[in-house]
Amino acid sequence: MIDLSQPALDVAPLLLGAVISHTVVLDDGSRAEVRIRLTEVEAYMGPDDPASHAFRGPTPRTAVMFGPPSHLYVYLSYGIHRCVNVVCSPDGRASAVLLRAGEVVSGEDLARRRRSGAARQVPDRRLACGPGNLGQALGAGLSDSGAVLWQSEGLCPPPEAATWRLEPPGSPTPCSRSRRVGISHNAEKLWRFTIPDDPTVSRPR
DNA sequence: AGGCCGATATTCT
DNA sequence: GAATATCGGCCTT
């Protein structure tokens with residue numbers, strides 16, 4: 001069980017190698033699930049971080065980051081791409097980890113169907129490469145912002161509901177640090193965490 | 001293999 | 001009106 005009430009900078013490396021899953025309930029009552037092993041994440045430190053959406057205090061979009069940990073913050077990047085964050089820090093303090101890339105370990109067919117056009121033909125290692133692509137592979141929507149991210153211990157969601165789950169890594173995971181991608185403020189901080197040499201990690205454009 | 005461009009929600013100036 | 005935690009398509013080397 002990963003303690004998500006820590007600051008995002010402490011949580012981020014612990015998420016490498018962890019598996020996030022989103023299960024949806026279909027019309028006939030059956031379930032469809034995509035599971036992704038995380039290989040690339042970034043920490044955003046709220047009021048201490050000019051690159052964070054929470055830097056200037058809560059807005060309707062970012063209010064969930066100021067709430068309790070173990071929820072999701074989902075936002076639209078450039079008005080289009082749904083990017084998924086894990087909310088960290090205790091209730092009242094804002095920080096979050098952006099999920100940037102991973103390896104689809106189950107539900108590859110569903111993840112691929114969620115792509116459109118020529119992108120549906122990308123190799124498996126690119127199915128969840130980049131935050132927009134990872135969010136799309138998981139089927140994340142704006143309505144998932146604020147959803148509970150369940151971990152194996154403790155309370156469980158009702159079985160008929162869609163669920164977001166987090167499974168910790170089975171073994172210690174190697175970790176590299178680098179600069180975060182696509183930001184201009186506070187850009188020198190090494191707050192991007194990747195699994196070294198993993199083929200699913202995104203590369204700078 | 002690399003550069004440019006359009007799409008477009010939310011927030012800030 | 002501008003900037004943004006991006007991506008795919010289409011163009012030129």
Side-chain angles (χ1 to χ4, degrees), chain A residues 4 7-13 15-16 20 34 36 38-67 69 71-89 93-104 111-147 149 176-195 199-205:
Chain A
L4 299 176
L9 203 46
D10 298 315
V11 172
L15 290 179
L16 292 180
I20 188 171
V34 170
I36 293 178
L38 300 172
T39 60
E40 174 183 352
V41 300
E42 287 176 354
Y44 286 85
M45 291 294 286
D48 304 322
D49 180 7
S52 170
H53 288 171
F55 179 60
R56 296 168 197 277
T59 66
R61 176 177 67 156
T62 64
V64 60
M65 270 197 285
F66 292 81
H71 292 245
L72 299 183
Y73 164 55
V74 181
Y75 72 93
L76 286 179
S77 175
Y78 291 85
I80 301 173
H81 310 290
R82 296 174 297 274
C83 299
V84 179
N85 297 251
V86 174
V87 173
C88 301
S89 302
R93 304 239 202 151
S95 74
V97 177
L98 171 67
L99 310 182
R100 283 198 54 93
E103 171 194 3
V104 179
R112 189 174 293 281
R113 282 197 303 276
R114 286 171 168 156
R115 293 290 197 99
S116 58
R120 192 168 284 183
Q121 312 301 327
V122 296
D124 284 350
R125 69 177 186 284
R126 294 268 171 261
L127 270 180
C129 178
N133 291 331
L134 184 147
Q136 187 159 33
L138 286 169
L142 282 188
S143 61
D144 292 302
S145 201
L149 180 62
S176 297
R177 295 180 63 151
S178 53
R179 288 149 77 113
R180 294 176 292 178
V181 175
I183 56 166
S184 51
H185 301 297
N186 210 15
E188 74 287 358
K189 297 289 195 309
L190 303 180
W191 289 355
R192 174 176 179 250
F193 298 82
T194 57
I195 296 180
T200 65
V201 169
S202 74
R203 293 191 258 186
R205 282 174 91 94

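In what follows, chains are A, B, ... by sequence order, proteins preceding strands, each numbered from 1.
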Measure the distance from [atom1] on [X] to [atom2] on [N] and round it to the nearest whole Å.
{"X": "A/Leu98", "N": "C/dT4", "atom1": "CG", "atom2": "P", "result": "16 Å"}
{"X": "A/His185", "N": "B/dC12", "atom1": "NE2", "atom2": "C1'", "result": "11 Å"}
{"X": "A/Asn186", "N": "C/dT4", "atom1": "CG", "atom2": "P", "result": "14 Å"}
{"X": "A/Met65", "N": "C/dA5", "atom1": "CE", "atom2": "P", "result": "11 Å"}
{"X": "A/Phe55", "N": "B/dC12", "atom1": "CZ", "atom2": "C1'", "result": "13 Å"}
{"X": "A/Met45", "N": "C/dA5", "atom1": "CE", "atom2": "P", "result": "17 Å"}

**Report entry** Rounded distance (nearest 0.5 Å) linking atom CD1 of A/Ile195 with atom CG of A/Leu16
**Finding:** 5.0 Å
Report summary line: Output for pair (A/Leu15 CG, A/Leu99 CG), nearest 0.5 Å, gives 7.0 Å
Answer yes or no: is there an ion pair linking [X] with [Y], defined by an N-O contact shorter than 4.0 Å?
{"X": "A/Glu40", "Y": "A/Arg192", "result": "yes"}
{"X": "A/Asp48", "Y": "A/Arg93", "result": "no"}
{"X": "A/Asp124", "Y": "A/Arg112", "result": "yes"}
{"X": "A/Glu42", "Y": "A/Arg100", "result": "yes"}

Query - C/dA5 pyrimidine/purine six-ring stacking with A/Tyr75, under 5.5 Å and 30° - result: no
Query - Separation of the C1' atoms in B/dT10 and C/dG8, to the nearest angstrom - result: 22 Å
Query - Euclidean distance for C1', B/dG3 against C/dA5 (whole angstrom) - result: 22 Å
Report task. Using Watson-Crick or G-U wobble pairs with both distances under 3.5 Å, give me DNA chain B in dot-bracket, 5' to 3', with [ ] for crossers and | for pairs to another strand. Result -> |||||||.||||.
Requested in this report: Take nucleotides 7-13 of chain C nucleotide by nucleotide from the 5' end and write B, S or -, depending on whether a protein heavy atom sits under 4.0 Å from the base, only from the sugar-phosphate, or from neither.
Outcome: BBB----
Query raised in the report: A/Arg114 and side chain to side chain contact (heavy atoms under 4.5 Å, CB included): which partner among A/Asn133, A/Leu127, A/Val34?
Result: A/Val34
Report task. Show your working on side-chain contact (heavy atoms from CB on, under 4.5 Å) between A/Leu38 and A/Ile20 and close with a plain yes or no. Result -> CA-CA 7 Å; A/Leu38 300 172; A/Ile20 188 171; 4.0 Å; yes
Query raised in the report: Do A/Tyr75 and A/His53 have ring centroids that are under 6.0 Å from one another?
Result: yes
Report task. Looking only at non-hydrogen atoms, find the nearest pair between A/Arg179 and A/Ala187 and report the distance. Result -> CG-O, 3.5 Å
Query raised in the report: Hey, does A/Asn186 have a side-chain heavy atom less than 4.5 Å from the side chain of A/Arg180?
Result: yes
Query raised in the report: Under 4.0 angstrom, heavy atoms only, what part of the nucleic acid is A/Ile183 near: base, sugar-phosphate, or nothing?
Result: sugar-phosphate
Protein-nucleotides 8-11 of chain B N/O pairs closer than 3.5 Å?
{"residue": "B/dT8", "atom": "O2", "partner": "A/Tyr78", "partner atom": "O", "Å": "2.4"}
{"residue": "B/dT11", "atom": "OP1", "partner": "A/Thr59", "partner atom": "OG1", "Å": "2.6"}
{"residue": "B/dT11", "atom": "OP1", "partner": "A/Arg61", "partner atom": "N", "Å": "2.8"}

